[in-house]
Amino acid sequence: MRVAMFGYQTWGHRTLRALIDAGHDVALVVTHPKSDHAYEKIWSDSVADLAEANGIRALLRQRPDDAELLAELKEADLDLIVANNWRTWLPPEIFEMPRHGTLNVHDSLLPAYAGFSPLIWALINGEPEVGVTAHMMDADLDAGDIVLQRSVQVGPKDTTTDLFHRTVDLIAPITTDAIELIAKGNFTPVKQDRSKASFFHKRALQDSLIDWTWPADEIERLVRAQSDPYPNAFTYHRGKQLRVVRSSVSAGLYGGTPGRIFIREGEGVVIVAGPEARRGRSHGLVIERVRTEDGTELAATDYFRTMGGYLTTRP
């Protein structure tokens with residue numbers, strides 16, 4: 001097929017690589033300029049560099065709203081546009097232009113977790129599986145009819161980094177298989193059940209701040225969701241930011257005020273947690289490894305030399 005590709009970071013890079021390896025005629029690539037945003041510096045394989053290395057014209061755009069881009073897409077006489085991790089809305093005059101429309105590849109099991117950072121949000125929420133969906137783009141973000149969908153299980157100790165590597169490996173096969181179905185025309189896309197839809201915003205620093213009134217198991221998932229190289233889950237201790245690198249849920253039940261640095265257990269230090277912590281029937285969060293403001297990583301038992309005091313949500 002003659003295609004154009006809209007994409008960014010490693011997700012877009014894997015998609016373009018799949019198109020090239022499958023022998024499709026890639027007429028044009030559109031990608032975003034490099035960004036200093038904390039989340040956009042992670043998994044940042046360059047789509048533009050891959051296009052250039054393969055003799056494909058690449059345009060850098062924040063938004064696809066200029067006459068030059070529209071003219072080039074029309075002149076390309078496309079069968080299909082393929083998009084993955086394109087960060088801004090594509091207007092109908094673009095996504096409806098090719099003969100077969102636009103195929104979007106999204107790293108969630110749509111209709112759930114449309115929008116941004118789906119793996120992080122899914123892990124925080126304790127989902128049993130995550131995956132990748134190839135769907136036909138329409139006017140609503142990540143809401144078009146599904147062509148293919150594939151999933152992977154989430155284990156009890158998995159981090160977002162683990163899930164990234166498993167799901168990014170699904171991009172090439174789901175892209176090429178979905179295009180083959182579209183080319184043959186012998187399939188019926190499945191409409192999304194909008195009653196099951198959810199839509200999530202981009203992550204920001206505030207979203208990694210630990211709320212000690214959350215149950216300990218939810219905080220533990222937040223820590224795994226913000227695994228390296230993502231900005232870690234953090235709290236404040238004695239006015240300074242303290243990142244939590246590794247944690248677990250306590251074996252014992254502990255009572256008191258959420259955020260209290262309480263007692264050693266196993267390989268770490270228990271922090272009282274949960275909305276019902278005052279009743280003494282809640283598990284705490286065992287912090288096992290921390291990272292200080294200067295980047296020093298320590299065992300929690302080395303950092304917390306004495307018990308007492310509080311971890312807080314403000315300096």
Checklist entry - Within the side chain of D193, is there an N or O that forms a donor-acceptor pair under 3.5 Å with the backbone of S195? => result yes

Checklist entry - Which atoms form the tightest heavy-atom contact between P64 and T88, and what is the distance? => result CD-OG1, 3.6 Å

Checklist entry - Are the charged groups of E276 and R281 less than 4.0 angstrom apart, N to O? => result no

Checklist entry - Minimum heavy-atom separation for A300 to I287, with atom names? => result CB-O, 3.0 Å

Next on the checklist: With a 4.5 Å cut-off on side-chain heavy atoms, are V152 and E129 touching?
Outcome noted: no

Checklist entry - Between the side chain of N85 and the main-chain N/O of G12, is any donor-acceptor distance below 3.5 Å? => result no

Checklist entry - Between atom CD1 of I56 and atom CG of L16, what is the distance when rounded to the nearest 0.5 Å? => result 5.0 Å

Next on the checklist: For E288 and S247, which I'm curious about, is there any donor-acceptor pair between the side chains at under 3.5 Å?
Outcome noted: no

Next on the checklist: When you group the ILVMFWY residues by side-chain heavy-atom contacts below 4.5 Å and let the links chain together, are L109 and I174 in the same group?
Outcome noted: no

Item to check | Basic-acidic side-chain contact under 4.0 Å: D66, R61 | outcome: yes

Checklist entry - Looking at R224, R221, R166, which hits side chain to side chain donor-acceptor pair (under 3.5 Å) with D158? => result R166

Item to check | Nearest atoms (heavy-atom pairs only) where F234 meets L205 | outcome: CE2-O, 3.3 Å

Next on the checklist: Quick check with a 6.0 Å cut-off and a 45 degree axis cone: is R203 positioned over the face of W121's six-membered ring?
Outcome noted: yes

Checklist entry - Would a line drawn from the ring center of W43 to the ring center of H13 be shorter than 6.0 Å? => result no

Next on the checklist: Walk me through whether F200 and F116 qualify under ring-ring contact (aromatic ring centres under 6.0 Å, His included).
Outcome noted: CA-CA 6 Å; F200 287 81; F116 300 91; over 10 Å; no

Item to check | More than 12 heavy atoms of other groups within 6.0 Å of E293 CD | outcome: yes

Checklist entry - So is R260 actually on top of Y310's ring, under 6.0 Å and inside 45° of the axis? => result yes

Checklist entry - Roughly how far, to the nearest 0.5 Å, is the CE atom of M137 from the CD atom of E96? => result 11.0 Å

Checklist outcome for this item: To the nearest 0.5 Å, atom CG of L69 lies from atom CG of L59 at 6.0 Å

Checklist entry - Hey, are S227 and T160 close enough side-chain-wise for a donor-acceptor pair under 3.5 Å? => result no

Checklist entry - Looking at M1 and H24, what are the two nearest heavy atoms and their distance? => result N-ND1, 3.1 Å

Next on the checklist: Tell me the closest heavy-atom pair linking S198 and Y113, and the distance in Å.
Outcome noted: OG-N, 2.9 Å

Next on the checklist: Let's go through Q9 and S44 carefully: what are the C-alpha distance in whole Å and the side-chain angles of both, what is the deciding distance for side-chain hydrogen bond (donor to acceptor under 3.5 Å, both in side chains) to 0.1 Å, and is it a yes or a no?
Outcome noted: CA-CA 4 Å; Q9 296 177 277; S44 57; over 6 Å; no

Item to check | Connected via hydrophobic side-chain network under 4.5 Å: I182 and I171 | outcome: yes

Next on the checklist: Using 0.5 Å steps for rounding, measure from the OG1 atom of T161 to the CG atom of L123.
Outcome noted: 10.0 Å

Checklist entry - Any donor-acceptor pair under 3.5 Å linking the side chain of T296 with the backbone of T292? => result no

Next on the checklist: If you compare all heavy atoms of T313 against all heavy atoms of I210, which two are closest, and at what distance to 0.1 Å?
Outcome noted: CG2-O, 3.4 Å

Next on the checklist: Assigning hydrophobic clusters by single linkage (Ile, Leu, Val, Met, Phe, Trp, Tyr; side-chain heavy-atom cutoff under 4.5 Å), is V105 placed with F6?
Outcome noted: no

Next on the checklist: Under 3.5 Å, is there a donor on one side chain and an acceptor on the other for N104 and N84?
Outcome noted: no

Checklist entry - Between Q226 and N232, do the side chains contain an N or O donor and an N or O acceptor separated by less than 3.5 Å? => result no

Checklist entry - How about P111 and R194: do any of their side-chain heavy atoms sit closer than 4.5 Å? => result yes

Next on the checklist: Are L90 and V3 connected into the same hydrophobic cluster when the rule is that any two of I, L, V, M, F, W, Y join if their side-chain heavy atoms are below 4.5 Å apart?
Outcome noted: no

Next on the checklist: Counting only heavy atoms not in R278 (residues, nucleotides, ligands), do more than 12 fall under 6.0 Å from its CZ?
Outcome noted: yes

Next on the checklist: Atom CD of residue position E68 - does it have more than 12 heavy atoms of other residues, nucleotides or ligands inside 6.0 Å?
Outcome noted: yes

Checklist entry - Do the side chain of S117 and the main chain of I120 share a donor and acceptor less than 3.5 angstrom apart? => result no

Checklist entry - Under the 3.5 angstrom rule, does the side chain of D162 hit a backbone N or O of T159 as a donor-acceptor pair? => result yes

Next on the checklist: If you count every heavy atom of other residues, nucleotides or ligands that lies below 6.0 Å from E52 atom CD, does the total exceed 12?
Outcome noted: no

Next on the checklist: Assess, by modelled atom type and distance only, whether the side chains of H237 and Y303 contain a donor and an acceptor separated by less than 3.5 Å.
Outcome noted: yes

Next on the checklist: I'd like to know if E267 and R289 make a salt bridge, using a cut-off of under 4.0 Å between side-chain N and carboxylate O.
Outcome noted: no

Item to check | Modelled atom types, side-chain donor and acceptor of T235 and W212, under 3.5 Å | outcome: yes

Next on the checklist: Please check: side-chain N/O of H135 versus main-chain N/O of D145, any donor-acceptor pairing under 3.5 Å?
Outcome noted: no

Next on the checklist: For a quick check under 3.5 Å, do S108 and H106 share a side-chain donor-acceptor pair by atom type?
Outcome noted: yes

Checklist entry - Is any NZ, NE, NH1 or NH2 atom of the basic residue among K202 and D207 found under 4.0 Å from an Asp or Glu carboxylate oxygen of the other? => result no

Checklist entry - Any idea how Y39 and Y230 line up, ring-wise: parallel (<30°), tilted (30 to 60°), or perpendicular (>60°)? => result tilted

Next on the checklist: Run T257 and V272 through side chain to side chain contact (heavy atoms under 4.5 Å, CB included) and show every step you take.
Outcome noted: CA-CA 6 Å; T257 301; V272 177; 5.9 Å; no

Checklist entry - Would you say R314 has more than 12 foreign heavy atoms packed within less than 6.0 Å of its CZ? => result no

Checklist entry - Do the ring planes of F164 and W11 sit parallel (below 30°), tilted (30 to 60°) or perpendicular (above 60°)? => result perpendicular

Next on the checklist: Could you measure the distance from the OG1 atom of T31 to the OH atom of Y8? Nearest 0.5 Å is fine.
Outcome noted: 7.0 Å

Item to check | pair L209-Y236: side-chain heavy atoms closer than 4.5 Å | outcome: yes

Checklist entry - Does the pair D228 and R291 meet the rule for a salt bridge (charged side-chain N to carboxylate O under 4.0 Å, His left out), with working shown? => result CA-CA 11 Å; D228 291 339; R291 190 171 288 140; 2.9 Å; yes

Checklist entry - Ion pair present between K34 and E40, side-chain N to carboxylate O less than 4.0 angstrom? => result no

Next on the checklist: Among R2, R99, H100, exactly one meets side chain to side chain donor-acceptor pair (under 3.5 Å) together with D79. Which residue is that?
Outcome noted: R99

Next on the checklist: Would D45 and R14 count as a salt bridge (charged side-chain N to carboxylate O under 4.0 Å, His left out) here? Give the steps.
Outcome noted: CA-CA 9 Å; D45 294 303; R14 289 289 187 99; 5.8 Å; no

Item to check | Step-by-step side chain to side chain contact (heavy atoms under 4.5 Å, CB included) determination, V223 to R246 | outcome: CA-CA 7 Å; V223 172; R246 192 177 73 211; 5.6 Å; no

Next on the checklist: Let me confirm one number: the CZ-CG distance from F95 to L73, rounded to the nearest 0.5 Å.
Outcome noted: 13.5 Å

Item to check | SB check D138 K191 (cutoff 4.0 Å) | outcome: no

Item to check | E265 side-chain N/O to A251 backbone N/O, donor-acceptor pair under 3.5 Å | outcome: yes

Item to check | L163-I42 co-clustered via ILVMFWY side chain contacts under 4.5 Å | outcome: yes

